[in-house]
Amino acid sequence: MVGRVAPDTLTLHEVHRFPNEPVRLNGTLHWNILSLYQGVLTGLKAAASHTTDTPLTSIGIDSWAVDYGLLDATGALLGNPVHYRDTRTADAADTVSAAIPPPALYAATGLQHLPFNTIYQLVAARGTPALAAAHRLLLIPDLIAYWLTGEAGTELTNASTTQLIDPRTRTWSPHIADTLGIDLALFPPLRDPGTPAGTLLPDVLAATGLPRHTPLTAVGSHDTASAVVGVPATSPRFAYIATGTWSLAGLELDAPVLTEASRLANFTNELGVDGTVRYLRNIMGLWLLQECLRTWENTGEDHHLPTLLEAAAHATPLRSIVDAGDPAFIAPGDMPDRIAAACRRTGQPVPRTPAETTRCVLDSLALAHRRALADAVRLSGRTGTVDTVHIVGGGAHNALLCQLTADACGLPVVAGPAEAAALGNVLIQARTAGTISGGLPELRALLHSTQPLRQYEPTGDHSAWDRAASRLEDTRVTGTEAAAQDHEEERCG
């Protein structure tokens, strides 16, 4: 993406798009990181051709969180990074909990429990030849930055997702690392968003056609950190939902919330740009629908998404709902079957058609958004209520999801921009270069005045959502009890 920024201008142009296709090898799911790096080089070459009139001011990189590559002492990559959806961390949580009780871990790091957090990956990797030989550990955007510049650093917003950062001091937590046998020396120095991260290497210049001394700027390299910068809020009383594969729903705060109630509600305190905290809950997101579409395509049912969404809009609302935070939905595979199983297990009608399954997914996501935002306000003790919900990311294109979220929350929803992460990335680069100035309110004002946005007002009977939320809570308890009973039968049998 190439952005053009001035005090009253903010445009974004897609110059290259490439697939991100994980590879399963010998039972382990990997990222095809070299293919991704080649895609970056091709994109930079396209960007150079797109900006012949005005050379690029800088480059910024953001990506997903928690995953990493290991380098040896010469800087060579020690194998393809493992995908966070791989099952290798299945038993790591028990190992970590035995060393550090979950309340103590949360009080020190503020991160919600997710089975693929970096600490669980590193515990699962103990004793492997790659980790034993590692001289450096670089999170995915830092790895790409290293290959582009030859300079190693650990950008702070992404580092906070490792569960090794103290969100109060915004530095590493040696106690957590030492207790788990994790060597913090593997990580290069921390970088704040908005600081220089090197200049392009000669071989990169040759491959891309970019001019000498083209700089790399550290941005919010966790894509959600950049996406929250890209929220076009005009009031501080906003909530956000960054939608895509995941839904990240929460508030922007000045300080972390490290209470036991917050931990039990599974909220996370990830670090944001300009000293902020992203207080949010990870929700499964449109991954549920993406995997349904993939399953249907693999079985010969290739559904046109707009047509499917139109049919879902006419399906019976709130007929069947599932817990969008259920770990059963994390792994790839037959998602329609897993959704049907969840409905069957909780005594609800089983979706019979793709339209009914899609409506179940979107109703469930809207309920998860409602619950996350209500819990965030309650647990943070934030003064004043939320007056607007901003949906950014790919889900901003999904009009049905946006309307259902407005209905569920009983609040207006402002949808857009869909490319919030890229825009937030570009804005931090532009501010660092001196093209624009100001804090997050000023950056967001520029977004609001330049980007196409759509507003959705709550409609329908709000009490129907209250009843559905109560029903979902009942099914969540029922599901937990059923799982416990199954476990007890297995143990006794």
Side-chain angles (χ1 to χ4, degrees), residues 16-43 61-96 114-148 152 158 161-163 182-183 186-187 221-223 244-246 284-288 290-299 327-335 337-338:
H16 182 58
R17 183 175 291 267
F18 53 98
N20 181 359
E21 297 175 343
V23 177
R24 189 173 294 281
L25 179 63
N26 294 330
T28 299
L29 191 63
H30 295 272
W31 296 106
N32 191 347
I33 193 67
L34 296 183
S35 174
L36 295 179
Y37 179 65
Q38 183 59 56
V40 170
L41 291 179
T42 304
I61 303 170
D62 63 84
S63 84
W64 66 94
V66 306
D67 289 335
Y68 58 85
L70 297 172
L71 306 180
D72 68 14
T74 71
L77 183 66
L78 294 165
N80 278 335
V82 179
H83 195 299
Y84 64 84
R85 292 189 191 275
D86 184 72
T87 57
R88 68 172 176 161
T89 59
D91 300 323
D94 290 340
T95 303
V96 171
L114 290 169
F116 46 71
N117 286 345
T118 312
I119 60 166
Y120 301 122
Q121 295 196 38
L122 289 172
V123 166
R126 282 178 184 169
T128 59
L131 188 58
H135 179 73
R136 273 280 179 257
L137 184 155
L138 294 175
L139 299 170
I140 297 298
D142 299 324
L143 178 60
I144 300 293
Y146 174 71
W147 284 338
L148 292 175
N158 215 3
T161 70
T162 63
Q163 213 159 3
I182 295 171
D183 183 6
L186 286 171
F187 292 88
S221 73
H222 183 196
D223 51 11
T245 301
W246 294 88
M284 210 66 66
L286 287 168
W287 164 257
L288 298 170
Q290 292 163 0
E291 280 298 284
C292 286
L293 291 168
R294 196 188 330 272
T295 299
W296 292 326
E297 181 180 357
N298 289 341
T299 56
F329 300 133
I330 289 179
D334 189 340
M335 191 64 73
D337 184 66
R338 279 181 277 171

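The structure presented is a predicted model; accordingly, all values stated were derived computationally and were not measured.
Salt bridge present: Arg294 and Glu291 bring a charged side-chain N and a carboxylate O closer than 4.0 Å.
Rounding to the nearest 0.5 angstrom, the gap separating the CG atom in Asp67 from the CG atom in Asp86 is 9.5 Å. To the nearest 0.5 Å, atom OG of residue Ser221 and atom CH2 of residue Trp64 are 11.5 Å apart. Of the inter-residue distances, the one linking Arg136 atom CZ with Leu70 atom CG reads 12.0 Å to the nearest 0.5 angstrom. To the nearest 0.5 Å, atoms OG1 (Thr42) and CZ (Phe18) are separated by 8.0 Å. Note: Ile140 CD1 to Asp223 CG = 12.0 Å, rounded to the nearest 0.5 Å. Taken from NE2 in His135 to CG in Leu78, the straight-line distance is 11.0 Å, to the nearest 0.5 Å.
Taking all atoms of both residues into account, the shortest heavy-atom contact from Pro22 to Leu29 is CB-CD1, 4.0 Å. Scanning both residues, Leu143 and Gly69, for their nearest heavy atoms gives CD2-CA, 4.3 Å. Heavy-atom minimum distance, Met335 versus Thr295: N-OG1, 3.7 Å. Considering every non-hydrogen atom in both Ala92 and Tyr120, the closest pair reads CB-O, 3.4 Å. For the residue pair Ile330 and Arg85, the shortest heavy atom distance occurs at O-NH1, 2.6 Å. Arg88 and Ala124 make their closest contact through O-CB, 3.4 Å (heavy atoms, listed as atom of the first residue, atom of the second, distance).
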* To do: Take Trp31 and Asn20 through the side-chain contact (heavy atoms from CB on, under 4.5 Å) test and state the conclusion after the steps.
  => CA-CA 8 Å; Trp31 296 106; Asn20 181 359; 3.3 Å; yes

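Using bins of under 30°, 30° to 60° and over 60° for the plane-to-plane angle, the ring pair Trp147/Tyr37 lands in the perpendicular bin.
Applying the 6.0 Å contact sphere to CG of Asp337 captures more than 12 heavy atoms from other residues, nucleotides or ligands.
With ring centers used as reference points, Trp246 lies under 6.0 Å from Phe116.
Within the 4.5 Å cutoff, no side-chain heavy atoms of Leu137 are placed close to those of Asp183. Contact of the Thr95 side chain with the Arg126 side chain is registered, since non-hydrogen atoms from C-beta on lie closer than 4.5 Å. Side-chain atoms of Ile144 and Ile33, non-hydrogen and from C-beta on, do get closer than 4.5 Å to each other. Using a 4.5 Å cut-off on side-chain heavy atoms (C-beta onward), Leu41 and Leu148 make contact.
Checked against Thr162 for a side chain to side chain contact (heavy atoms under 4.5 Å, CB included), the options Val66, Leu139, Leu122 give a single hit: Leu139.
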